[in-house]
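Structure first, commentary second.
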Amino acid sequence: MPYNAELADIALTIARRAADLARQRRAEGVEIAASKSSLSDIVTRADRESEQLIRDAIAASRPNDGFFGEESGGATGTSGLTWVVDPIDGTVNYFYDIPSWAVSVAVVEGDPDPATWRTLAGAVVNPAAGEAFTAFEGGGARLNGHAIHVKPGTQLELALVGTGFGYDAEKRRRQAAIVTELIGQVRDIRRIGAASLDLCAVAAGRLDAYFERGLNPWDHAAGALIAREAGATVGGLGDAREGSDLLVAAEPGLFAQLDPVIQKLYAGWD
Ligand code: IPD
């Protein structure tokens with residue numbers, strides 16, 4: 001088995017274990033452990049337990065690799081590889097028992113900085129839907145083991161576009177203004193509530209495109225690779241616009257139409 005495929009298997013196995021744990025905790029009742037940047041930015045006890053499980057599993061099977069997680073931060077390794085982890089993406093959905101949350105595990109080469117890293121493999125597991133998305137570099141993208149592809153090109157006016165809102169109050173207001181501008185130019189807009197699943201939805205042809213500004217590396221590391229391996233162009237992570245934190249993912253023909261519109265809408269917001 002090629003090295004990157006082995007890494008994808010490890011990511012999937014670990015993400016599945018963490019997703020099972022989080023699902024079990026969900027059934028027992030969710031406990032908010034803390035608020036982070038704002039009252040809506042919550043951490044549950046399960047977020048922390050899920051991250052600890054993943055961290056321990058990686059330390060046991062890949063002791064020389066680094067780790068970079070949403071809840072417990074980073075640790076540098078010696079191998080040049082780093083595991084980038086969101087233990088529960090879509091925590092607010094998780095809290096409300098909306099079945100759109102996921103465990104996201106990716107392994108990247110280089111510093112854990114999306115402007116420069118190379119994502120080798122990743123897995124996004126949504127246990128409530130019984131879905132596991134996986135990809136490794138050059139190996140295509142899969143949903144529950146079956147190959148998936150972006151939906152063939154569509155016109156901007158016919159595109160179903162996903163987006164998200166970070167937790168900073170001022171940025172949320174700006175994002176709402178951008179959504180107001182965009183909604184008249186596309187078929188419709190969706191806010192699923194978990195960036196990793198938005199990117200997997202593009203990969204599986206369930207969304208035509210997705211954009212969001214200000215995501216954290218753990219939100220998009222696995223999902224961006226899965227979308228790219230399914231045929232999407234993913235801009236804003238160093239390759240398309242170095243240093244930008246505005247991510248746009250879409251089938252290449254649609255990307256060419258949507259990206260300039262999004263860029264224009266965001267221009268002047270800094
Ligand atoms: C959030 C979700 C949400 C996105 C936010 C993220 P979290 O991650 O992915 O959809 O819009 O920007 O912070 O807090 O649920 O892990």
Side-chain angles (χ1 to χ4, degrees), residues 89-90 93 98-100 102 104 114 119 122 124 126 129 131-166 174-215 219-241 244-267 269:
D89 184 32
N93 284 346
I98 296 170
S100 295
S104 173
T119 310
V124 173
N126 174 356
E131 293 191 331
F133 297 87
T134 50
F136 61 88
E137 198 185 46
R142 291 188 158 64
L143 165 54
N144 293 345
H146 302 289
I148 50 173
H149 303 283
V150 292
K151 200 140 122 345
T154 188
Q155 287 166 252
L156 184 61
E157 306 81 61
L158 297 179
L160 185 62
V161 180
T163 192
F165 291 78
R174 291 175 181 184
Q175 176 70 352
I178 282 163
V179 166
T180 305
E181 285 293 315
L182 188 66
I183 197 157
Q185 302 180 48
V186 297
R187 186 195 293 273
D188 212 338
I189 292 184
R190 293 287 180 271
R191 196 284 201 253
I192 290 175
S196 59
L197 292 177
D198 286 300
L199 285 159
C200 290
V202 172
R206 296 171 180 172
L207 281 177
D208 292 304
Y210 165 68
F211 73 97
E212 185 166 344
R213 184 156 193 201
L215 286 170
D219 296 317
H220 60 67
L225 175 71
I226 292 164
R228 200 174 271 136
E229 286 293 333
T233 298
V234 181
L237 298 177
D239 47 359
R241 283 181 295 278
S244 165
D245 67 345
L246 171 55
L247 182 149
V248 180
E251 176 277 334
L254 177 63
F255 182 90
Q257 302 165 66
L258 177 66
D259 191 53
V261 174
I262 303 270
Q263 293 305 318
K264 203 168 158 203
L265 287 173
Y266 278 100
W269 282 102

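Heads up: numbering here begins at 1 and tracks the sequence. The structure presented is a predicted model; accordingly, all values stated were derived computationally and were not measured.
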With side-chain contact (heavy atoms from CB on, under 4.5 Å) as the criterion, how do L247 and E212 come out once you've worked through the C-alpha distance, each side chain's angles and the decisive distance to 0.1 Å?
CA-CA 5 Å; L247 182 149; E212 185 166 344; 5.6 Å; no

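Closest approach of F165 and R191 over heavy atoms only: O-NH2, 3.2 Å. Heavy atoms only, all atoms of each residue included: A204 and F133 are closest at CB-CE2, 4.3 Å. What you find for A222 and S104 is that their closest heavy atoms are CB-OG, 3.4 Å. Between R228 and V234, the shortest heavy-atom distance links the atoms NH2-O, 3.4 Å.
The side chain to side chain contact (heavy atoms under 4.5 Å, CB included) test with V124 singles out one residue from L197, L225, L199, and that residue is L197.
To the nearest 0.5 Å, atom CG of residue L258 and atom OH of residue Y210 are 13.0 Å apart. Here I262 contributes atom CD1 and F211 contributes atom CZ; the two are 4.0 Å apart, rounded to the nearest 0.5 Å. Atom CZ in R142 sits 6.5 Å away from atom CZ in F136 (nearest 0.5 Å). The structure places CD of Q185 at 6.5 Å from CG of L265, a figure rounded to the nearest 0.5 Å. Put simply, CD1 on I192 and OG on S100 are 6.5 Å apart, with the number rounded to the nearest 0.5 Å. Note that CG of D188 is 12.0 Å distant from CG of L158, once rounded to the nearest 0.5 Å.
A donor-acceptor pair is defined here as one N or O able to donate and one able to accept, closer than 3.5 Å; such a pair exists between the side chain of Q175 and the backbone of G164. Checked by atom type and distance alone, the side chain of Q257 pairs as donor or acceptor with a backbone atom of L156 at under 3.5 Å. No side-chain donor-acceptor contact under 3.5 Å links Q155 to the backbone of E157. Between the side chain of D89 and the backbone N or O of S196, at least one donor-acceptor pair lies under 3.5 Å. With hydrogens and angles ignored, the 3.5 Å screen pairs no side-chain donor or acceptor of D198 with any backbone N or O of G223.
Counting heavy atoms of neighbouring residues, nucleotides and ligands inside a 6.0 Å radius, atom CD of E181 does not exceed 12 of them.
With a 4.5 Å cut-off on side-chain heavy atoms, R190 and L160 count as touching. Here the side chains of D208 and E251 are not in contact, with every heavy-atom distance at 4.5 Å or above. For the pair V150 and V202, the minimum side-chain heavy-atom distance is below 4.5 Å.
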